[in-house]
Amino acid sequence: MGDYQKMADAPAGPLPPPYPLAKLDSDKEGLLKGLTDAEVAELVKKYGLNEVPEETHPEKEPLWKMFLKQFTGPMQIMIECAALLCFLIHNWPDFTIIMVLLMTNGTLGFFEEKSAQASVDALKAGLEKKMPVKRNGKFDSIPVVQVVPGDVLFMRGGDIVPADCYWVEGDPCQVDEAALTGESLPVKVPRKDDDGKPFSGRQMWSGSILKVGECQAVVSHTGVNTMIGEAAKAIQEASGKDIGVFEGKIIEAAQVLILITVVVVTFLFYFMYVIQGVEITEVLEMSLSLVIASVPVALPMVMKVTLSIGAKEMSDEGGIVTHLTALEEIASMKVLCSDKTGTLTTAQMTVYYDETAKAYNGFTAEQVLEFASLASNEANKDDPIDSAVLRAYAKSKGMTNVDDAVDKRKTLYSLDPEGFIGFNPIAARRRRSAQEHVKRTCAAVTAKDGTKWFCSKGMVDVILKTNPEDEGKQWTVDNYEEMSKQASKADADLGISGFKTLGVGVSKNGGPMKFAGILPIMDPPRHDTKETIRKIKEAQVAVKMITGDHHNIGKELARQIDLGTDIRTPDCLQPPSEARDLIVMKADGFAKVKPLDKHEVVQVLQDKGLVVGMTGDGVNDAPALAKAQIGIAVHGATDAAKSAGDIVLTKDGLSPIYTAIQISRRIFKRLKSYVIYRICITVQVVFFLAALAIFYNLRFKALYIILLALFHDLQIVTIAYDHQVAGAKPETPTVLGLLLQSYSMGILMFIQTMLLVSYGHLFLSDEYGDGYHQSMSSEMAGNEMNKYMETTIFLQISNSSAILIFSARTVGFFFSTMPAWQLTFSTALGQVLINVWCLWAPTGLVDKLKPSDVAMVWLYDFAWLLFLDLVKMTAGRLWDKYKPATIDRNPALQAKDRNSRRMSNNLRPSYMLAQVGGEELGNKVAQLPEGSRNSVRMSRTYKK
């Protein structure tokens with residue numbers, strides 16, 4: 001055998017097969033000889049093993065490095081500086097709290113990033129099997145990882161295709177490509193080649209499932225050169241999700257805050273240590289208090305708790321969140337790219353027997369359906385056509401159970417001995433003609449009244465006239481010439497409308513075969529799809545359908561669910577250009593796409609600055625799921641899709657995604673409330689400490705600042721439960737917007753505290769007045785202020801900071817909406833403890849305050865809270881008025897709206913007219929003015 005030791009990565013890009021494709025016709029026998037061990041060894045050197053490598057880059061980041069990376073961000077470094085200062089001054093309680101928060105967040109981030117590798121593992125798992133491969137002139141069962149291009153495979157029904165290959169000899173097969181392309185029905189191999197793509201009708205993709213037939217196939221691509229390999233490579237390149245949009249803006253705002261704090265700390269360090277000569281321990285403790293005040297130590301924890309609670313809420317609504325970042329991203333999502341099968345549709349083929357069906361020769365649509373059901377095998381539940389026909393038959397009889405409907409039908413019709421004739425693939429193989437593969441089933445039955453019926457269903461042209469070389473009963477339907485014209489036209493019209501079709505023929509008492517009718521088949525939209533898409537669009541999120549199914553099928557579905565009918569094919573995605581980008585922006589969807597096409601669409605939208613969500617269920621969707629900011633694996637998705645996604649739906653349809661949008665926008669408002677709150681109290685404290693040192697030459701106890709920062713951070717965790725109403729449009733956070741509101745309120749709170757320092761002696765008790773005069777005396781210069789005054793200021797900062805959250809959580813007055821009881825309770829409990837501590841002073845850390853001073857501080861803070869609300873609302877209105885228009889604009893929606901108006905003006909009326917068809921259309925066109933005739937001609941082109 002060849003040398004199968006792991007080799008260096010193969011060159012980038014799919015390598016061509018080692019044989020010209022023309023040999024599939026000219027030298028089939030030569031290809032079927034297979035390879036020798038020597039040839040295999042050479043091919044392994046060139047193509048590598050048939051596997052998805054663990055790494056597509058030369059260097060793979062080790063786990064220890066990935067773990068350490070969690071502690072290198074600007075926020076983490078500032079928290080680490082705070083921990084270092086605690087360590088240097090032996091402040092062990094604060095050091096412990098900070099390190100627990102830091103390690104918890106770092107560990108969570110490590111496991112988030114590590115999980116990105118799971119998608120590649122899921123793809124690799126599909127290759128760990130054995131299969132008969134022709135080596136040295138005979139078939140041996142070898143691991144599929146050792147398959148190389150040029151190998152001859154022997155496959156039978158149920159096998160997973162291990163590599164991209166071409167059908168060479170055997171039965172006409174049915175191949176399930178649902179996991180790769182999303183196609184609802186198995187495809188025929190071999191079949192007619194696609195235009196301009198020779199031999200494409202014989203191609204079988206790695207990862208697809210051979211459902212019916214046996215064949216020999218020659219391998220063309222293996223490993224990363226296969227379609228599934230390209231998908232894995234794209235996943236790896238997109239893995240390691242970036243931080244969330246909102247989290248990124250929070251970090252930017254925090255960096256501005258930290259920069260200001262660094263300047264203040266540097267100044268105070270110099271002022272206190274160099275000019276005032278304060279001991280280094282006290283200087284470090286004051287520096288520590290400023291660092292802790294400026295760094296939102298609990299921010300990562302608050303975000304994790306808030307997102308985790310949102311994830312729990314999401315799980316109750318039918319979605320499991322695997323990457324918490326996605327819940328914050330959905331709030332900013334402006335485009336949702338949706339898969340078709342199973343998401344927009346039921347993923348279950350449905351036979352229509354209403355006015356859409358076509359009936360001929362005096363039969364009704366219900367009779368046509370009944371004849372089709374007689375020619376269906378109720379035991380073959382895996383056959384999508386037979387199952388769909390029998391489900392429709394049961395429904396037509398008012399029954400929900402297929403078996404009950406079939407049992408009742410058996411009381412009306414009895415199957416003649418050997419009366420059921422299905423397609424025999426072996427017979428077709430013996431004739432060695434791929435063109436003889438027809439989908440036709442027949443049944444000879446006797447009705448209860450003794451009437452003999454012979455029923456057949458299959459492709460329309462085959463039911464009209466059978467192939468003389470095929471086995472079984474042969475016929476040409478009665479009145480063939482006329483029926484052929486009518487049926488072919490009806491078949492074509494239904495195809496244009498996106499339906500697959502099933503022809504039905506019937507003979508009575510041995511008489512001539514009559515063409516009974518045509519049954520349209522389609523995977524219908526889910527009952528809630530249309531309404532859900534309307535809601536998502538009302539939420540100002542553009543929806544685009546991206547499917548591997550046929551263009552006409554996609555267009556018809558889009559029409560039914562009011563998505564828009566501008567459905568494009570992948571041809572428009574190349575070459576890259578501004579025109580291409582505009583098409584992607586305005587299109588309602590794309591059909592006949594392959595995995596990298598979906599990836600390309602997501603890439604274009606992201607390059608335009610849009611937050612993109614992508615739904616999918618198969619390996620074909622995995623690259624786009626990994627690339628999108630929000631990857632959503634729908635119900636029943638493959639392991640690869642689930643691993644690549646951020647959210648895994650446990651319910652069918654799009655409705656859980658709309659729920660996720662609402663949940664995420666509420667989460668956004670909760671986190672925004674926390675950020676505004678945290679920046680406000682940081683500005684208040686940092687500016688207060690600096691002003692106190694500069695203008696009054698006084699110091700404030702560092703322990704108070706540390707207690708305030710950590711205590712309020714722990715209190716505010718309950719913001720995760722707060723009542724919020726989802727916004728009407730995507731939330732687009734900006735650093736300037738966050739800073740404008742939070743700094744305006746923070747500076748006002750700083751002024752509030754400084755006014756109490758300067759003028760509190762005018763309305764507070766004599767104890768405060770005495771403390772004020774003592775603190776302002778020259779003897780106190782460079783020292784801490786009087787303890788009673790210091791305790792009063794501590795209480796004022798604590799109370800004002802605590803009740804600030806009730807203002808930060810609303811856009812109006814703090815009493816305009818009711819907060820969650822958890823938030824109210826935690827705030828009240830914390831302030832009760834602090835106020836009781838200040839009233840009783842059991843530890844000596846604070847001075848015992850008079851109840852009248854505590855009451856006056858509360859009145860003072862609430863009066864300022866109303867003033868804060870006015871400033872907040874003014875800042876909000878100014879921001880709404882002067883903020884850049886691009887923040888709220890959704891270019892994908894605007895492009896689609898313009899496109900819809902053009903479609904409405906130019907195409908829709910004439911499209912309706914074009915449905916008339918034939919001579920009637922020609923007569924109507926002739927009666928129209930010249931301009932209108934052009935519109936009709938456009939509609940016919942559009943319809944085609």
Side-chain angles (χ1 to χ4, degrees), residues 82 85-86 89-101 281-282 284-286 288-290 292-293 297-298 681 684-685 688-689 692 698-718 749 752-753 756-757 760-761 763-775 780 783-805 822-862:
L85 287 174
C86 287
I89 63 175
H90 298 167
N91 188 337
W92 303 120
D94 293 336
F95 176 80
T96 302
I97 293 173
I98 294 172
M99 288 304 297
V100 167
L101 291 172
T281 303
E282 294 184 31
L284 287 176
E285 191 168 0
M286 179 58 68
L288 170 65
S289 66
L290 282 169
I292 292 180
V297 177
I681 61 175
Q684 176 192 22
V685 170
F688 161 69
L689 294 176
L692 196 65
L698 291 173
R699 296 203 306 277
F700 195 75
K701 189 183 291 293
L703 178 61
Y704 289 171
I705 303 301
I706 294 170
L707 289 176
L708 282 172
L710 296 180
F711 199 79
H712 286 314
D713 269 345
L714 294 176
Q715 272 184 298
I716 200 61
V717 170
T718 53
M749 291 181 69
Q752 170 188 352
T753 301
L756 184 66
V757 170
H761 63 282
F763 57 88
L764 293 175
S765 67
D766 292 339
E767 284 80 353
Y768 182 88
D770 293 341
Y772 170 77
H773 292 297
Q774 180 186 353
S775 299
M780 295 293 291
N783 296 310
E784 284 186 11
M785 64 174 65
N786 172 271
K787 193 171 185 179
Y788 190 95
M789 180 181 179
E790 193 174 38
T791 303
T792 305
I793 299 302
F794 165 72
L795 181 65
Q796 186 275 322
I797 294 175
S798 176
N799 288 347
S800 64
S801 299
I803 62 177
L804 172 67
I805 188 57
Q822 294 95 332
L823 182 61
T824 305
F825 178 77
S826 65
T827 303
L829 178 63
Q831 292 317 111
V832 166
L833 292 175
I834 288 179
N835 279 258
V836 168
W837 184 39
C838 292
L839 283 168
W840 288 355
T843 61
L845 287 176
V846 296
D847 212 4
K848 185 176 180 179
L849 298 183
K850 296 185 68 173
S852 61
D853 284 340
V854 173
M856 285 301 297
V857 167
W858 273 109
L859 289 174
Y860 181 79
D861 285 340
F862 269 111

Original post:
Under the side-chain contact (heavy atoms from CB on, under 4.5 Å) criterion, do Tyr860 and Gln752 qualify, and how do the steps go?
Top reply: CA-CA 9 Å; Tyr860 181 79; Gln752 170 188 352; 3.6 Å; yes
**OP:** With side-chain contact (heavy atoms from CB on, under 4.5 Å) as the test, would you mind laying out the steps for Asn786 and Asp770 before giving the verdict?
**Re:** CA-CA 9 Å; Asn786 172 271; Asp770 293 341; over 6 Å; no
**OP:** For side-chain contact (heavy atoms from CB on, under 4.5 Å), just list the numbers for Leu833 and Trp837, CA-CA rounded to whole Å, side-chain angles, deciding distance to a tenth of an Å, and then say yes or no.
**Re:** CA-CA 6 Å; Leu833 292 175; Trp837 184 39; over 6 Å; no
**OP:** Go through Glu790 and Asp847 one step at a time and tell me if the side-chain contact (heavy atoms from CB on, under 4.5 Å) criterion holds.
**Re:** CA-CA 8 Å; Glu790 193 174 38; Asp847 212 4; over 6 Å; no
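Test Thr791, Asp853, Asp861 against Gln796 for side chain to side chain donor-acceptor pair (under 3.5 Å) and you get one pass: Asp861.
Considering all non-hydrogen atoms of both residues, Ser798 and Gln831 come closest at OG-NE2, 3.1 Å. Nearest approach of Met789 to Ser775, heavy atoms of both residues: SD-OG, 3.7 Å. Taking every heavy atom of both residues into account, Ser801 and Gln684 meet most closely at OG-OE1, 3.5 Å. A pairwise comparison of heavy atoms in Leu764 and Met856 identifies CD2-CB, 3.6 Å as the closest pair. Scanning all heavy atoms of the two residues, the minimum distance from Leu795 to Cys838 falls at CD1-SG, 4.2 Å. Shortest non-hydrogen contact noted between Thr827 and Ala802 is CG2-O, 3.7 Å.
The shortest side-chain heavy-atom distance between Phe794 and Leu849 does not fall under the 4.5 Å cut-off. The side-chain heavy atoms of Tyr788 and Gln774, taken from C-beta on, include no pair separated by under 4.5 Å.
Donor-acceptor pairing under 3.5 Å is recorded for the side chains of Asn799 and Asn835.
Between the side chain of Tyr768 and the backbone N or O of Phe763 there is no donor-acceptor pair closer than 3.5 Å.
Applying the 6.0 Å contact sphere to CZ of Phe825 captures no more than 12 heavy atoms from other residues, nucleotides or ligands. Counting non-hydrogen atoms of neighbouring residues, nucleotides and ligands closer than 6.0 angstrom, the NZ atom of Lys848 reaches no more than 12 such neighbours.
For residues 699-708, the salt bridge (charged side-chain N to carboxylate O under 4.0 Å, His left out) pairs, not counting sequence neighbours, are Glu282-Arg699, Lys701-Glu784.
Taking the six-membered ring for Trp and thresholds of 30 and 60 degrees, Tyr772 and His761 have nearly parallel ring planes, at less than 30 degrees apart.
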